[in-house]
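Computed from a prediction, not measured in an experiment: that's the story for all the values here.
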Amino acid sequence: MSTSDLLTAEFADREDAVLLHVRGEIDMGTAPVLREHLEAAVAKGEIDTPVLLDLTKVGFLASAGLALLVEYHTRCRDAARPLRILTDGGAVLRAIQVSSLDNVLEVHRSVADALAAG
């Protein structure tokens, strides 16, 4: 199975946010694929437009993925653009909580919740 088979990402057209849907596993092998998509997400939209990273279809999030989330959280914050992580629980939320990154990252259950936060 190739890296692209393990992780896919696609943008959804929205005027109020940059929404990136991710599906698969995020580990050392697939983190570069996610990085490319996050880079594109940061380049899209206007200042103050939130970047919503939908990880509800991600079944595994390793430390390489957590490091990317922190990196892009910081980059977005420095660019005055919030990065909001969408997860409905499971492995992604557990990984974020176990690493205490729920104290750093903005984590929401849905697009509506993430948009209401801003």
Side-chain angles (χ1 to χ4, degrees):
M1 199 177 265
S2 73
T3 298
S4 60
D5 292 336
L6 296 174
L7 183 78
T8 59
E10 64 183 10
F11 288 98
D13 290 331
R14 293 189 68 96
E15 292 184 18
D16 54 354
V18 175
L19 177 56
L20 178 61
H21 295 284
V22 179
R23 176 185 298 266
E25 301 176 0
I26 304 171
D27 58 20
M28 231 166 84
T30 59
V33 175
L34 180 58
R35 177 182 296 280
E36 289 176 21
H37 286 87
L38 283 170
E39 197 62 39
V42 171
K44 287 180 171 266
E46 303 293 323
I47 287 270
D48 294 331
T49 302
V51 175
L52 307 182
L53 181 60
D54 180 0
L55 301 181
T56 57
K57 301 294 184 195
V58 170
F60 179 73
L61 179 62
S63 59
L66 291 168
L68 267 180
L69 296 182
V70 172
E71 176 186 341
Y72 278 86
H73 165 78
T74 302
R75 288 187 62 192
C76 286
R77 183 196 64 213
D78 292 349
R81 299 188 67 194
L83 173 65
R84 298 182 180 140
I85 311 299
L86 307 179
T87 179
D88 54 5
V92 170
L93 185 58
R94 278 193 305 278
I96 290 171
Q97 290 173 332
V98 165
S99 60
S100 296
L101 289 176
D102 54 331
N103 296 319
V104 176
L105 302 172
E106 276 194 63
V107 180
H108 303 277
R109 294 189 67 77
S110 68
V111 171
D113 289 348
L115 291 174

> Hey, are the side chains of Y72 and R35 touching, using non-hydrogen atoms and a 4.5 Å cut-off?
Replying inline: yes
>> Under the side chain to side chain contact (heavy atoms under 4.5 Å, CB included) test against L101, which residue among V98, L105, N103 passes?
In response: L105
>> Can you confirm whether V22 sits close enough to D54 that some side-chain heavy atom of one is under 4.5 Å from a side-chain heavy atom of the other?
In response: no
> Do H37 and V33 have side-chain heavy atoms sitting under 4.5 Å apart?
Replying inline: yes
> Less than 4.5 Å apart, any side-chain heavy atom of L7 and any of R23?
Replying inline: no
> For the atom pair CG (D102) and CZ (R94), what is the distance rounded to the nearest 0.5 Å?
Replying inline: 13.5 Å
>> Looking at R75 and E39, is any side-chain nitrogen of the basic one under 4.0 Å from a carboxylate oxygen of the acidic one?
In response: yes
> Cluster question for you: counting only ILVMFWY and a side-chain heavy-atom cut-off of under 4.5 Å, with indirect links fine, are L52 and V58 together?
Replying inline: no
>> According to a hydrophobic-cluster definition based on side-chain heavy atoms being under 4.5 Å apart (Ile, Leu, Val, Met, Phe, Trp, Tyr only), do V18 and L68 belong together?
In response: yes
> Does any N or O in the side chain of T56 come within less than 3.5 Å of the main-chain N or O of T87, such that one atom is a donor and the other an acceptor?
Replying inline: no
> If you measure from the Lys or Arg side-chain nitrogens to the Asp or Glu carboxylate oxygens, is any gap between E46 and R81 under 4.0 Å?
Replying inline: no
> To the nearest 0.5 Å, how far apart are OG1 in T8 and NE2 in H21?
Replying inline: 11.0 Å
> Side chains of T30 and D27: is there a donor and an acceptor less than 3.5 Å apart?
Replying inline: yes
>> Could you tell me if H108 and E106 have a donor-acceptor pair between their side chains, going purely by distance under 3.5 Å?
In response: yes
> Under a 4.5 Å side-chain heavy-atom rule over Ile, Leu, Val, Met, Phe, Trp and Tyr, are M28 and L69 clustered together?
Replying inline: no
Can you give me every donor-acceptor pair (side chain of residues 111-118, partner residue at least two apart or in another chain, under 3.5 Å) with its distance?
residue	atom	partner	partner atom	Å
D113	OD2	S110	OG	3.4

> Quick one: does I96's side chain get under 4.5 Å of L66's, heavy atoms only?
Replying inline: yes
> For the hydrophobic clusters of this structure (ILVMFWY residues joined by side-chain heavy atoms under 4.5 Å, transitively), does one cluster hold both V51 and L34?
Replying inline: yes
> Does L19 reach the side chain of L86, with side-chain heavy atoms less than 4.5 Å apart?
Replying inline: yes
> Are the side chains of C76 and V42 in touch, meaning some heavy atoms are under 4.5 Å apart?
Replying inline: yes
>> Using side-chain heavy atoms (C-beta onward) and a distance below 4.5 Å, is L55 in contact with I26?
In response: yes
